[in-house]
Amino acid sequence: MTVSLTFETSSFSIAIQYRYLERMKIIISNASSEPIYEQIGRQIKAQIISGELKEGDGLPSIRKLAKELHISVITTKRAYEELEKEGFIDTVGGKGTFVAIQNKELLREKRMKSVEDMMSDTVTEAKKLDISYDELREMLSILYDSNDE
Amino acid sequence: MNTLEISNLCKDYGDFRLDKVSFDLPQGYVMGLIGPNGAGKTTIIKIIMNLVMKQEGQVKLFGKDHREYEVAVKKRIGFVYDTPGYYQHLNLRQLKNVVSPFYENWDEAVFERLVDHFNLPLNKTLKKFSKGMGMKASIALAMSHHADFLIMDEPTSGLDPVIRREVLEFFREFMQREDRSILFSSHITTDIEQVADYITYIRGGRVIFSKTKDEVFEEYALVKGGNDLLDYDTRSALLGVRSGAYGFEGLTHNVNEARAVFGDSAVYDRATLEDIMFFTGQKSKTVL
Amino acid sequence: MTLLRLFARDFRANGLYLATSLGILFVMSTGLAYGVLGEPPQGYDDQWVLADSIEMLLYLSMIIVSTKLASILFFKIDEMNDVQGTFASLPVARNEIVKARYMSSLVQVLVVLGVHLLAILPAALIRGGLDHIGLKLVYHPAVWIISFVLVLLSNSFSFPVYFRFGLTRGLAVFTVIQVLMLVTTIALLVNFVDNDSFFRAVEQLIKWVAAQNAFLLLSAIIGGTLLIMAGSATLSIKLYNTKDL
């Protein structure tokens, strides 16, 4: 659900209006070797691909995001710039940043790719445990059917 | 546009000198000045505010010379001293009445909100204020005229962790508008890591570096490994080394180069500002 | 405008100090005036007879010293609270800080002289009423003009040093000089108490001065003093403009 609320900073007369995305979830790890801007980009991308973030959903401003995540504006700016380059988000001057209208084909491809990646992990893990292709296929078919219900 | 441009600043005190200090702060960002005590941070800040006279170099605030346009630029600055000098016999309300007439843009409502936000007593004399209250009062007084640029010398030193966080959170809130900037010095490096976009490291009156925080943390790293990896050549790839019984720890300002030298048998960790200050401050590269 | 604000902040910020010190001064001044008004001086004949009264001399020096001290009160309070940097970081020019300080000190001098003038009244009342003959003596304009001029001259010489080196160091130097001057003057006067020719010469001088057009004389003295003060302020501005705070 996308809610809209007015946020009045406790010490300034300017009221900052933004659409608050309840669902958007970003967790930053300082211990990770992955740069922070990449962590942000990856997580937002994943949420767009999974459909948690939908076309036209507003994203917090770079300053708002930097404040919330306790990171540099430069970092959030870089993360947004990368996402924009890849076509995931659009920045409309003066209005804010939104999840871009996704190319349906492309999005599907991207989502397919993520399914492929997960399956590839599964295969790697299965091979480590000496699970045969047939056993794996069986497991998959059971899971596929049970998920339907 | 740059809020602050400093070029080739020099000031000779005899036993200490600022040596060709240059750095810029673009509008919309927070810059942290780090450096050990006596590195020259306070002198730089005082020169910017024209409290101390520079001998050479140029300081521009909002694109204008800081002396030629002194009054005009100071109207747009909120300044917080490390040990604010205020009339100790006054209470905060009286002090506000002394300071506020100097600002055309003074906003009583903002001041009241800040006082409320910081839980400051208006009727208590300043000599009864704790260090933390004094700093918060100082921030409230510096912030109530819609300043575009906050300049603060050690605003968080001597404050307890709770108040420090409050103050830092306040900076973040201030920076929600992109036409604002902050320059603050601190030797509490974690504060700078938390809120700064740019980091300028001053040591012995010189600028060691002035870059974005991301650049600093992408370039600098701690290299850890067994002592067998250390020899004369590998040592020279590090900015500083601390070698112990079970291994060494050193700082590099180029992770990739260090990886090429030490290979996979060493561990590469994120360097904190404190690490950077510690290792670059060592007297000699070889400790043993 | 900024100049006026700077001027006003001296009084606004330090009102309580000011009121207290003026109160104490009033009481002290009344005490000394009581002494001066004790007995009409011997040989009083409507003439200026300053030399005949040691009390009068003490009284005059007390007025001068206390006025001088009061006029540097703002320097003292500023230095005690270390507010120089604070005010220099406000949107004000340093030359205005200097000018405002000269103005507030001048006003302080006038206020303190006013307090001394008023403080005589209760002393006179106790001594026998407002028609006390001594009142003519202490209310002689020369007493007040001399005090006013001396304090302003002293400030004119000392303020540039205060602005450059701060009050504590500056005051140390000037107190020594001023005390030496005062001691020398008193020593000379005491030595000459029995020397008729000296006092005759002084009386002659005073009479000559008194014979001049009072208005012209007053204008010349005060104008000259203010001119010296303006020169002093210019020098102070020069010194303060390049001072590291």
Side-chain angles (χ1 to χ4, degrees), chain B residues 11-13 42-43 45-55 61 66-91 93-106 125-127 134 137-138 141-142 145 147 151-153, chain C residues 1-23 73-101 103-104 163-168 236-245:
Chain B
K11 172 85 182 179
D12 200 341
Y13 280 109
T42 299
T43 307
I45 285 177
K46 284 189 166 180
I47 288 176
I48 296 170
M49 290 304 290
N50 199 26
L51 297 175
V52 163
M53 302 299 133
K54 65 187 178 221
Q55 282 160 339
L61 287 161
H66 74 139
R67 290 205 65 172
E68 204 176 326
Y69 296 91
E70 182 171 3
V71 175
V73 294
K74 280 184 178 171
K75 282 182 185 169
R76 299 176 60 186
I77 290 176
F79 181 60
V80 176
Y81 244 122
D82 62 338
T83 43
Y86 291 129
Y87 293 117
Q88 297 295 308
H89 53 277
L90 300 185
N91 64 35
R93 178 178 285 115
Q94 293 165 326
L95 184 63
K96 182 263 296 174
N97 288 336
V98 169
V99 170
S100 62
F102 291 97
Y103 293 102
E104 289 151 27
N105 284 337
W106 185 269
T125 55
L126 270 91
K127 61 172 161 275
S138 191
L141 285 167
H145 61 278
I151 300 179
M152 291 168 290
D153 195 8
Chain C
M1 271 315 277
T2 316
L3 189 64
L4 285 178
R5 288 188 198 113
L6 280 164
F7 167 77
R9 63 104 186 185
D10 267 344
F11 295 92
R12 189 181 271 165
N14 306 310
L16 199 66
Y17 273 110
L18 217 59
T20 316
S21 57
L22 291 181
L73 179 72
F74 298 130
F75 272 104
K76 181 70 196 163
I77 298 173
D78 277 13
E79 200 167 281
M80 252 164 47
N81 294 289
D82 198 19
V83 297
Q84 288 198 69
T86 308
F87 282 98
S89 70
L90 296 174
V92 298
R94 288 220 191 164
N95 65 49
E96 291 177 319
I97 295 179
V98 175
K99 286 182 205 156
R101 178 51 48 83
M103 276 166 60
S104 60
F163 273 111
R164 189 74 190 99
F165 298 106
L167 182 68
T168 313
S236 292
I237 288 170
K238 245 192 196 123
L239 294 171
Y240 199 61
N241 263 337
T242 54
K243 183 178 160 61
D244 288 349
L245 296 174

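Note that the coordinates shown come from a computational prediction; the quantities given were computed from them, not determined experimentally. Each chain gets a letter, A, B and so on, in the order the sequences are listed, and its residues count up from 1.
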note = Whatever's closer than 4.5 Å to a heavy atom in chain B on C:Leu6 counts as both
inquiry  = Please give me the minimum heavy-atom distance between C:Gly85 and B:Tyr81, naming the atom from each residue.
reply    = CA-OH, 3.5 Å
task = Among B:Lys75, B:His145, B:Lys127, B:Arg76, single out the residue with the greatest number of heavy-atom pairs under 4.5 Å to chain C.
result = B:Lys75
message = I need the C:Arg94 CZ to B:Glu70 CD distance, nearest 0.5 Å.
response = 7.0 Å
ask   = When only pairs under 4.5 Å are counted, which of B:Tyr103, B:Tyr86, B:Phe79, B:Phe102 shares the most heavy-atom pairs with chain C?
value = B:Phe102
query = Is any side-chain N of the basic residue among C:Asp244 and B:Lys11 closer than 4.0 Å to the acidic one's carboxylate O?
reply = yes
query = What orientation do C:Phe87 and B:Tyr87 show, parallel under 30°, tilted 30 to 60°, or perpendicular over 60°?
reply = tilted
message = Just verifying a value: how many Å separate C:Asn14 CG and B:Leu90 CG, rounded to the nearest 0.5 Å?
response = 7.0 Å
task = Please report the closest heavy-atom contact between B:Leu51 and C:Ala88, naming both atoms and the distance.
result = CD2-CB, 3.4 Å
ask   = Which heavy atom in C:Val92 sits nearest to a heavy atom in B:Val71, and how many Å separate them?
value = C-CG2, 3.8 Å
request  = Identify the two heavy atoms, one from B:His89 and one from C:Ile77, that lie closest to each other, and give their separation to 0.1 Å.
outcome  = CE1-CG2, 3.8 Å
Heavy-atom pairs under 4.5 Å with chain C, option from B:Val73, B:Leu126, B:Val99, B:Val98 with the top count = B:Val98
Closest heavy-atom pair and its distance - C:Ser89, B:Lys74 = O-CD, 3.7 Å
ask   = For the candidates C:Asn241, C:Leu90, C:Thr2, C:Thr242, which exhibits the highest count of non-hydrogen atom pairs separated by less than 4.5 Å from chain B?
value = C:Leu90
